[in-house]
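These notes concern the structure reproduced below.
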Amino acid sequence: MKRTIYSLFKEIVASNPENTAIIEDDRTLTFVQLDEMVDAIASKFYDRKPKSVGIVMHHGAEQIAAMLAVLKSGAFYVPAEPSLPQERIDYMMQTADVDFVIKDNYCKHLKPADKEMTDRSEPDGLAYVLYTSGTTGKPKGVSVENHSVVNYCEAFEAEFKTGPGDVMLQYSVCSFDIFVEEVYTTLLNGAALCIPSHAIHNGSLTGLLKFAERNGVTIIDGFPYLLAEMNKLDYIPKSIKLIISGGDVIRASYITRLKDLGIKIYNTYGPSETTVCSNYFSVDNVEPLEDGTFPIGKAIKGVEVKILDKDLKEVPRGSIGEICIFGEGVSRGYINDAPEQSNFVTLTDGTRMYRSGDLGYELPDGNIAFLNRRDNQVMILGKRVEPEEVENVLNTCPEVERGIVRAFLDENGLHYLTAYVIPKKGATFKEIRKYLSNRLTNFMVPEFFVKVKTIPLTRRGKVDVEALPVVMKVGGV
């Protein structure tokens, strides 16, 4: 039986046509209305038989419909926020070789479809390409297939029992895989997706939560720092039953009050390369580990997770090794064969494995504890950042003689970036920051810039991190 994102969507449309699919500030769409919007958009390009389509749109029903329309046509989409630097958007679209780009104006004044359009999507066909930070100085595109998303939606439903009556808040940016979780686990399981306006999304957290309460939001998905900010508030909507944390470690101190309110809270883990998440862990009635964090749990349905040594052999329970992921969630890899493609391994039986680069160990009860990275990659505001990419861009700046970028931890264990710069004569840090802002997403631009006369080196010629002045940062949560 054909199981793709779009085929599952059509099953929900057939079984729940009048149920609410999309909730916005000033309108709601039923599943059948969303389906009609999908066809109206698809009819504009269906005959072109595209292979890949860029989607650079503000959040809303039209954005979701455009993604489904691309999938129906048999193509894959490449999402990008309109607020990203144009140079970065252009790089993503060019390297993904998109046939064309859908923007907001493309979806205005839509007319009902006037042609019959069959579903061309295939289980092994690509669904989307998400770009994430890369070590080469350019972002790399993760290629995810339809069947991997379908498996994830089934695993999500098996764990959280979501369906009609549930309402998911759509909060994440479209270029991060939490967005995939918000959208597809919701719509493909018959629940409703609640999308705030740009003003509410970027306004106060209290305003966002009031919007959530007005619209009966039952599930919020976000990074640990969002939970930490919610934990400080006196006001939490009573409609919220489940909060899912992912993208970084969650600490017991972030959720003290939220747990007292009886809200179910999950810690999740999984790189974009393995389709959103590979592990779930419920923190309800559980004591944290010695370092104040929680385990990342056990593998989800359709996925297997093992702790392996450098020779890819399983280590004894309790021993530290690399977290390696197998099964339905493992993606095709990186578009254009990025250097990091070597992290994807095809075993002799054809099974695909992804080497996460994360270190962890198995607890006595079978749950996995995350420790840290084996490389320099860090998470900032829940998003993956390779300091090497930032450093490479910094060194292309005409105002910089030489620069390095290093990550440090604040008082609460969250990473931040500091740039150490030998500026050229007459250069200003305003110019340097602007240069980076035009080429990197906001969270990748270093928080601090330090002017230095020389870069300290060890006897072996490597950067002497211990000799660098550290800009202390107060914990943000």
Side-chain angles (χ1 to χ4, degrees), residues 9 12-13 16-44 55-70 77 79-84 101-113 162-176 178-222 226 230 233 235-243:
F9 172 70
I12 294 296
V13 173
N16 301 279
E18 300 305 322
N19 282 14
T20 298
I22 303 288
I23 301 170
E24 294 181 337
D25 291 338
D26 54 1
R27 65 171 174 173
T28 61
L29 273 72
T30 63
F31 275 94
V32 73
Q33 288 173 328
L34 179 59
D35 187 39
E36 290 169 351
M37 184 181 288
V38 171
D39 281 348
I41 296 172
S43 67
K44 299 182 69 172
I55 296 181
V56 185
M57 301 176 67
H58 292 92
H59 291 225
E62 285 80 4
Q63 179 202 39
I64 306 301
M67 293 174 174
L68 290 167
V70 171
Y77 65 85
E81 298 289 325
S83 59
L84 285 178
V101 176
I102 296 177
K103 297 185 178 181
D104 293 319
N105 286 339
Y106 191 91
C107 299
K108 288 184 177 178
H109 311 298
L110 293 171
K111 297 179 181 179
T162 53
D166 282 310
V167 180
M168 170 77 84
L169 180 67
Q170 200 288 285
Y171 184 72
S172 174
V173 296
C174 68
S175 53
F176 196 67
I178 284 184
F179 179 92
V180 174
E181 182 167 82
E182 290 172 344
V183 173
Y184 295 123
T185 66
T186 298
L187 296 179
L188 302 192
N189 287 320
L193 189 66
C194 187
I195 309 174
S197 67
H198 181 76
I200 291 177
H201 183 281
N202 293 329
S204 69
L205 179 56
T206 298
L208 179 70
L209 293 178
K210 287 183 177 178
F211 167 81
E213 185 169 54
R214 287 196 304 273
N215 293 290
V217 167
T218 60
I219 308 170
I220 290 182
D221 205 345
L226 175 64
M230 289 177 64
L233 300 179
Y235 161 80
I236 299 294
K238 293 182 179 179
S239 62
I240 297 173
K241 304 291 189 265
L242 171 66
I243 299 177

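Quick note: numbers below take in every heavy atom, side chains included, and nothing from hydrogens, waters or symmetry partners.
Side chain of Ser239 to main chain of Val217: a donor-acceptor pair is present (N/O by atom type, distance under 3.5 Å, no hydrogens or angles). Looking at Glu182, its side chain does come within 3.5 Å of a backbone N or O of Ser172 through a donor-acceptor pair. Side chain of Asp104 to backbone of His58: a donor-acceptor contact under 3.5 angstrom is found. Under the 3.5 Å distance criterion, the side-chain polar atoms of Glu24 are left unmatched by any main-chain donor or acceptor of Gly60. Side-chain N or O atoms of His59 include none that pairs as donor or acceptor with a backbone N or O of Val173 at under 3.5 Å. Of the possible polar contacts, none joining the Glu62 side chain to the Ile64 backbone as a donor-acceptor pair under 3.5 Å is found.
Between Ile12 and Leu187 the shortest side-chain heavy-atom distance does not fall below 4.5 Å. Side-chain contact check for Ile195 versus Gln63: every heavy-atom pair is 4.5 Å or farther apart. With contacts defined as side-chain heavy-atom distances shorter than 4.5 Å, the pair Glu213/Leu209 does not qualify. Using a 4.5 Å heavy-atom threshold, the side chains of Asp221 and Thr185 count as separate. Tyr171 is listed as a side-chain neighbour of Leu208, based on a closest heavy-atom distance under 4.5 Å. Put simply, the side chain of Leu169 reaches to within 4.5 Å of the side chain of Pro196, judged on heavy atoms.
The aromatic rings of Phe31 and Phe9 are tilted relative to each other, their planes meeting at an angle between 30° and 60°.
Gly165 approaches Thr218 most closely through the heavy-atom pair O-CG2, 4.3 Å. Taking each heavy atom of Ala61 and Arg27 in turn, the nearest pair found is CB-NH2, 3.6 Å. Residue Ala21 comes nearest to Leu34 through the heavy atom pair CB-CD2, 4.1 Å, listed as atom of the first residue, atom of the second, then distance. Annotation for Pro79 and Cys174: closest pair CG-O, 3.6 Å, computed over non-hydrogen atoms. Pairing each heavy atom of Asn19 with each of Pro164, the nearest pair is ND2-CB, 3.8 Å. What you find for Lys238 and Lys241 is that their closest heavy atoms are O-NZ, 3.0 Å.
To the nearest 0.5 Å, atom CG of residue Leu205 and atom CD1 of residue Ile236 are 7.0 Å apart. Note that the OH atom of Tyr184 and the CE atom of Met67 stand 6.0 Å from one another [nearest 0.5 Å]. In this structure, Leu242 CG and Asp166 CG are separated by 8.5 Å, a value rounded to the nearest 0.5 Å. Once rounded to the nearest 0.5 Å, the distance linking CD1 of Ile23 with CZ of Arg214 reads 11.5 Å. Atoms SG and CD, on Cys194 and Gln170 in that order, are 9.5 Å from each other to the nearest 0.5 Å. The structure places SG of Cys107 at 3.5 Å from CE of Met57, a figure rounded to the nearest 0.5 Å.
With sequence neighbours left out, Glu36 forms a salt bridge (Lys or Arg N to Asp or Glu O under 4.0 Å) with no residue at all. With sequence neighbours excluded, the residues that form a side chain to side chain donor-acceptor pair (under 3.5 Å) with Ser197 are Asp25.
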Kindly determine whether Ile220 and Met230 satisfy side-chain contact (heavy atoms from CB on, under 4.5 Å), including the steps that lead there.
CA-CA 11 Å; Ile220 290 182; Met230 289 177 64; 4.2 Å; yes

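Heavy-atom neighbours of Lys44 NZ from other residues, nucleotides or ligands within 6.0 Å: above the threshold of 12.
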